[in-house]
Each structure stands twice: as structure tokens, then as C-alpha cells.
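Here the structure is laid out as C-alpha cells; the discussion comes afterwards.
Below, chain A is the first sequence line, B the second, and so on; all start at residue 1.
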Amino acid sequence: MRYWLMKTEPDVFSWDDLERCPNRTTMWEGVRNYQARNFMRDEFGVGDGVLFYHSRKNPSVVGVARVVRAAYPDPTQFVETSRYFDPRSAPDAPRWVTVDVQAERRFPEPLTLSRLRAERGVAGMALLAPGSRLSVQPVRPHEWEEVCRLAGVTVD
DNA sequence: GCCAACGTTGGC
DNA sequence: GCCAACGTTGGC
């Protein structure tokens, strides 16, 4: 089992939105970055842990989710009216994949980026690297444990 | 294959 | 809203 961090702009899709989804589960559509895609396609497994991160507005880790379905073609890449439409992707050779993610535990309080920057135990996180923009990032086990500890929750 | 132009991300 | 950092595109 692995651990990940996934970014979302809360104005587009927030933790509240995830909790409102049927079975608290959503298709993580719209990833259009090759490095992020490769993580999902090649390394994501059912049961992996996900730090759910709100970017831009009060940037924070706001909860923990689970991968409940491994990679499959992202249907939005074929929908012409979708903001995620990719005219260069062919149905017989999909370019982009998605996974299904289920809400597990909301943090009692958002764990802010500024707090994380101040904590030595998470100093190596990809999230904190200068200029890091990757929307799907690996998280090391000790980083996962420390983030959950700082948030005041216990999650395997 | 280089790299300038362009578009996007995301902290501030 | 600004803009630096980064990724992608496409001419050559």
C-alpha cells in the first residue's frame, strides 16, 4: 500500500463536494499532466491512502481519502463539451486515466501549508518543494504518519 | 532535438 | 490579481 497527495481547487471540487457524492466516492477526472497520470496509471492501487489537499484558497490538507478503484480511462477526455476534452486522444488509445477516490476522514481542522512548512518532520514532502506544481504526488510513510499526527487523527 | 513562445498552476 | 515556476507546443 502506498500514500499520495492529490490537489484540488476547492472552488472546483472540495472535500465537502466529495462527502456529498454517492458513497462519498468520486471519479478523479481531469488530470492532464503526464507525471501525475503516470503515478495514477502505474502505481496507484486500491486501498492506497490519499491526502486531500485544497490549493490556492487557504491551502491545506483537509482530510484523508482512499483509492477505491485503480486506473481506467478518463471518460471526460472524449466529451467535446467538457473542460477536460482532449481532441488528440483516441478512444482506442486513451491518453488520460482516472481513479476513484472515497472520503475516509475529515481532519478536525485543516492542516495548513504554512503549518506544514514549519514542521521539521515533513520537511521532505514534495508539496513543500520550491515551485512544485504536481497535482498527484507520492507521500512517504513517515510523512503520512506525521501529517495525520499533526492533524490529530489516526489513519492507517 | 533545441528552445522560444505560450498556457497553466498556485502561493502570496 | 500578480507573477514566478513549470509543462507543453511547435517551428526550425
Nucleotide N/O to protein N/O under 3.5 Å, stretch nucleotides 8-12 of chain B:
unit_1 : atom_1 : unit_2 : atom_2 : d
B/dT8  : O2     : A/R133 : NH1    : 2.6
B/dG10 : OP1    : A/K7   : NZ     : 2.9
B/dG10 : OP1    : A/R133 : O      : 2.6
B/dG10 : N9     : A/R56  : NE     : 3.4
B/dG10 : N7     : A/R56  : NE     : 2.6
B/dG10 : N7     : A/R56  : NH2    : 2.4
B/dG10 : O6     : A/R56  : NH2    : 3.1
B/dG11 : OP1    : A/Y53  : OH     : 2.6
B/dG11 : OP2    : A/R56  : N      : 2.7
B/dG11 : O6     : A/R56  : NH2    : 2.7

Pairs where residues 44-56 of chain A contributes a residue and the test side-chain hydrogen bond (donor to acceptor under 3.5 Å, both in side chains) is met, not counting sequence neighbours: A/W4-A/D48
Pairs flagged by side-chain hydrogen bond (donor to acceptor under 3.5 Å, both in side chains) wherever residues 114-125 of chain A is involved - sequence neighbours left out: A/T112-A/S114, A/R115-A/E119
Partners passing salt bridge (charged side-chain N to carboxylate O under 4.0 Å, His left out) against A/R106 (at least two apart in sequence or in another chain): A/D16, A/E19
For A/D86, salt bridge (charged side-chain N to carboxylate O under 4.0 Å, His left out) partners two or more places apart: A/R88, A/R95
A/P130 or A/R95, whichever maps to the more 5' nucleotide of DNA chain C: A/P130
From A/D42, A/T98, A/V97, A/D74, residue fulfilling side-chain contact (heavy atoms from CB on, under 4.5 Å) relative to A/R37: A/V97
Interface with DNA chain C, restricted to residues 29-37 of chain A and to heavy atoms under 4.0 Å: A/N33, A/Y34
Linked hydrophobic residues, A/Y72 as query - side chain contacts closer than 4.5 Å: A/M27
Listed partners of A/E109 passing salt bridge (charged side-chain N to carboxylate O under 4.0 Å, His left out), at least two apart: none
Salt bridge (charged side-chain N to carboxylate O under 4.0 Å, His left out) partners for A/E146, two or more places apart: A/R149
